[in-house]
Amino acid sequence: MDREVHSQAYTKSRLGRWALIAVPYAWLLLFFLAPFVIVFKISLSEVVVSIPPYQPVIDWANGLAGVLDTARQWSFDNYIWLTQDAIYFKAYLSSLQIALIATAITLVVGYPIAYGMARAPKAWQPTLLMLIILPFWTSFLIRVYAWIGILKNEGLLNQVLMSLGLISDPLIILNTNAAVYIGIVYSYLPFMVLPLYSSLEKMDGSLIEAAEDLGCPPMKAFWQVTIPLSVPGIIAGCFLVFIPAVGEFVIPDILGGSETLMIGKTLWVEFFRNRDWPVASAVAVVLLLILVIPIVLFQRQQEKQREAA
Amino acid sequence: MAKKPIGPVRRAFAPWEDPNAIPFIEFRNVTKRFGDFVAVDNLSLSIYEREFHALLGGSGCGKTTMMRMLAGFETPTEGQILLDGQDLAGIPPYKRPVNMMFQSYALFPHMTVEANIAFGLKQDGMPASEIKSRVDEMLRLVKLEPFAKRKPHQLSGGQRQRVALARSLAKRPKVLLLDEPLAALDKKLREETQLELMTLQEDLRMTFLIVTHDQEEAMTVADRISVMDHGHIRQVATPGEIYETPNSRFVAEFIGDINLFSGQISEVNENDARLFCTVLGQHIDIQGAGKVTAGSNAAFAIRPEKVRISLDKPEPSNANVIPGEVWDIAYMGDVSIYHIKIAETETVRAVVANTTRLVERPITWDDKIWLSWDRDAGVILTK
Ligand SMILES: Nc1ncnc2c1ncn2[C@@H]1O[C@H](COP(=O)(O)OP(=O)(O)OP(=O)(O)O)[C@@H](O)[C@H]1O
Ligand SMILES: [Mg+2]
């Protein structure tokens, strides 16, 4: 009898757990897997001038036979095409490079901010946190556009530098990779600062005291104790910046120039300018495959974190 | 200056009795305020080289604050702290020849036990082979050899405490500050470690300042004890003096168990005195009462183990004798504590060694008995 009650409770709790897990899974299925399947299917078709601009189109009227009939016409030609034109490979590589450099800059800029926040008086911390999140209240697009006003030749930055007499000719920043870096660092800074802050804030201040007590000067203690203990925050922050930065389109499009090669832009060009949906889809699928590696690594790291805690 | 002998004979070490001895650590009128709160109040204390000094006091009385000031983590609001004649003001913690074992352990979570212990040695640029042998020695001392490669979160509370102890000892600092170093250890391990600490302190000629809540521990390890209360030091003396001649009711009640009889000094004769106890309605004779004046209010204090009980009235020749009735008996194993009712609202505690088996207890509940003690068995407290 005792066992029965126990097993009943067990079944119940298992059911409850399944219901709980089902919600995010349903969400992923609906908004991630389904669009992916559609994009993947398009990437296997061939471009035509029609609506929709690709074929074959599944003939649902014929039921399963129609679907099979369409499937017979699918091919990986678009993927082969991606390897034949060097532009795609270059764009992927350049995206990874820009994302990597931008992530490194974001880390260097974000760390002191997070450190300062974690060390600030407890009463100020919610306000500082608020200030970090505040930019999210305005549209991302508008904020990126605003940078044009700052960075252009007769923009705010050049005016200030010139009136201070620091430079005589305006710096050309807009429409260069430098502007793209500025844009990415600015836009993704909160994603770096927040995980860094949360790992620094958790740190026990007496550890630094212990290090100093044992003869370690503060600067050295920072490298030997603070940095190693904030590694989980560093990793999380870097992934959160790197992953979306690789596929970034808006920032290179608005702030970058002709030299700026990023896969997001390539994708846009294929999709809207060339109206080549199948190739654009293939580009997107490959991008996703490239990003799956860091995403899986990130998930692993998060899990390890949770286990350690 | 009295030289401390090597070996177990510690009694000859008493530099505080030598007026020419120079203190090694000196707190001079130190006050520490946190906002309006006074944590340490105009406190002066001298600790001598190679002394094992214990700070004893209730929670929040300022013990940790004193250590943190000595280690350099807090700056005194007023006053000076000197180490070996040098004013410590302005010297950062990492340059002080002082190591501290933190009450919270403060072990580095990302380092193994080994690396934690080696941390301080590495800062000094000690050669790797020497570090290795020192770390091994420390691991042996705290009996953690099998755990060298573990991280702190894989250890029990007591094991972590021992790592913290080993880490603070590893550098063999001139002064070691131990903030409740053994609180998380079981009795046996604690007693063993106490002995190890004493041996180590003797061998390495270090000066130890220890905080403990365990009076027995303080009595065992310390050369001298400071009893603290609300940022003040109430008494600084050897364990024996603190126990046998406390200078105030606070110290008497704080250390060990004590019976107090309030009253008025009725007679003073050189070093002897007579106190009239109102509750008893009887006089108590005291030999070696010290400086007291007739007519002043005072209390007579006597430890329970110095009170005898008997069924027959003892000869009052050289003793104080009071009638009473057994109210309660607390059996502690080695001893029994008798609560003897001497007045309507007053009981006296007497400790009797259990020299016989329980069944044969000669004095039992509700027995009418006699309490007695020698005239020099207790002290007069005026504060
Ligand atoms: N940074 C601080 N800010 C404000 N008050 C403090 C601070 N540090 C200590 N105090 C206060 O000073 C008093 C003494 O603290 P301290 O830590 O020295 O006590 P303690 O004697 O070590 O006590 P325990 O035996 O509980 O460890 C306490 O009342 C404490 O609240
Ligand atoms: Mg304390």
Side-chain angles (χ1 to χ4, degrees), chain A residues 107 110-111 114-115 118-125 195-239 297-298 300-309, chain B residues 35 64 67-74 91-112 115-126 131 134-135 138 151-154 160 163-179:
Chain A
L107 177 62
Y111 204 99
Y115 188 80
R119 282 295 152 96
K122 276 270 171 284
W124 295 11
Q125 291 191 9
L196 280 176
Y197 166 77
S198 95
S199 75
L200 285 170
E201 190 256 349
K202 272 198 300 248
M203 210 180 85
D204 179 2
S206 69
L207 293 179
I208 300 296
E209 286 185 348
E212 286 188 40
D213 187 67
L214 293 165
C216 190
M219 218 25 214
K220 223 168 140 197
F222 177 77
W223 286 104
Q224 297 193 349
V225 178
T226 310
I227 295 268
L229 286 177
S230 60
V231 162
I234 294 176
I235 294 178
C238 286
F239 277 128
L297 284 177
F298 176 65
R300 276 258 188 88
Q301 193 263 345
Q302 291 284 302
E303 223 148 86
K304 244 174 48 192
Q305 263 307 105
R306 230 169 294 141
E307 269 165 31
Chain B
T64 300
M67 287 200 163
R68 288 177 59 80
M69 286 193 287
L70 193 51
F73 301 121
E74 306 282 1
I91 300 178
Y94 59 94
K95 285 193 183 149
R96 297 190 183 194
V98 172
N99 280 169
M100 176 160 169
M101 179 190 160
F102 288 71
Q103 197 169 7
S104 63
Y105 314 155
L107 298 176
F108 305 122
H110 59 300
M111 295 183 194
T112 59
N116 263 285
I117 298 174
F119 187 89
L121 304 172
K122 280 196 187 130
Q123 307 305 320
D124 291 352
M126 192 189 251
I131 292 185
R134 180 74 64 85
V135 169
M138 286 301 135
K151 295 273 181 70
H153 70 92
Q154 296 165 318
R160 269 179 239 169
V163 177
L165 179 61
R167 188 179 66 178
S168 63
L169 273 168
K171 286 186 82 169
R172 299 183 175 168
K174 281 201 210 163
V175 177
L176 185 62
L177 309 177
L178 301 163
D179 203 343

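Just so you know, these numbers use all the heavy atoms, side chains as well, and skip hydrogens, waters and symmetry mates.
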Worksheet item: If you check every heavy atom in residues 96-103 of chain B against those of chain A, which residues fall under 4.5 Å?
Response: B:Val98, B:Asn99, B:Met100, B:Phe102
Response to the item:
Checking heavy-atom separations under 4.5 Å from chain B, one finds in residues 198-208 of chain A A:Ser206, A:Leu207
Rounded distance [0.5 Å steps], [atom1] in [X] versus [atom2] in [Y]:
| X | Y | atom1 | atom2 | result |
| --- | --- | --- | --- | --- |
| B:Ser168 | B:Leu178 | OG | CG | 5.5 Å |
| A:Phe298 | A:Cys238 | CZ | SG | 10.5 Å |
| B:Ile131 | B:Asp124 | CD1 | CG | 8.5 Å |
| B:Lys171 | B:Met138 | NZ | CE | 13.0 Å |
| B:Asn116 | B:Arg160 | CG | CZ | 11.5 Å |
| B:Ile117 | B:Phe108 | CD1 | CZ | 12.0 Å |

Can you list, pair by pair, the side-chain donor-acceptor contacts under 3.5 Å of residues 224-234 of chain A, counting residues two or more places apart and other chains?
{"from": "A:Gln224", "atom 1": "OE1", "to": "B:Gln123", "atom 2": "NE2", "distance (Å)": "3.1"}
{"from": "A:Ser230", "atom 1": "OG", "to": "A:Tyr111", "atom 2": "OH", "distance (Å)": "2.5"}
{"from": "A:Ser230", "atom 1": "OG", "to": "A:Thr226", "atom 2": "O", "distance (Å)": "3.2"}
{"from": "A:Ser230", "atom 1": "OG", "to": "A:Ile227", "atom 2": "O", "distance (Å)": "3.0"}

Worksheet, complete the sentence: Between B:Val135 and B:Ala118 the two heavy atoms that sit nearest each other are CG2-CB, 3.8 Å
Item to complete: If a pair satisfies salt bridge (Lys or Arg N to Asp or Glu O under 4.0 Å) and one of its residues is in residues 210-233 of chain A, list it, with sequence neighbours excluded.
Response: none
Practice prompt. Sort B:Leu121 into side chain, backbone, both or neither according to what part of it lies under 4.5 angstrom from a heavy atom of chain A.
Written response: neither
Fill in: Among the listed options B:Pro173, B:Pro109, B:Ala164, B:Ala170, the residue most often paired with chain A at heavy-atom distances under 4.5 Å
B:Pro109
Discussion item. As an exercise: rank B:Arg167, B:Met111, B:Lys122 by heavy-atom pairs under 4.5 Å with chain A and give me the winner.
Written reply: B:Arg167
Worksheet item: Does some side-chain heavy atom of A:Leu297 sit less than 4.5 Å from a side-chain heavy atom of A:Phe239?
Response: yes
Discussion item. Taking side chain as everything from C-beta outward and backbone as N, CA, C, O, which of these in A:Ala211 sits under 4.5 Å from a heavy atom of chain B? Side chain, backbone, both or neither.
Written reply: both
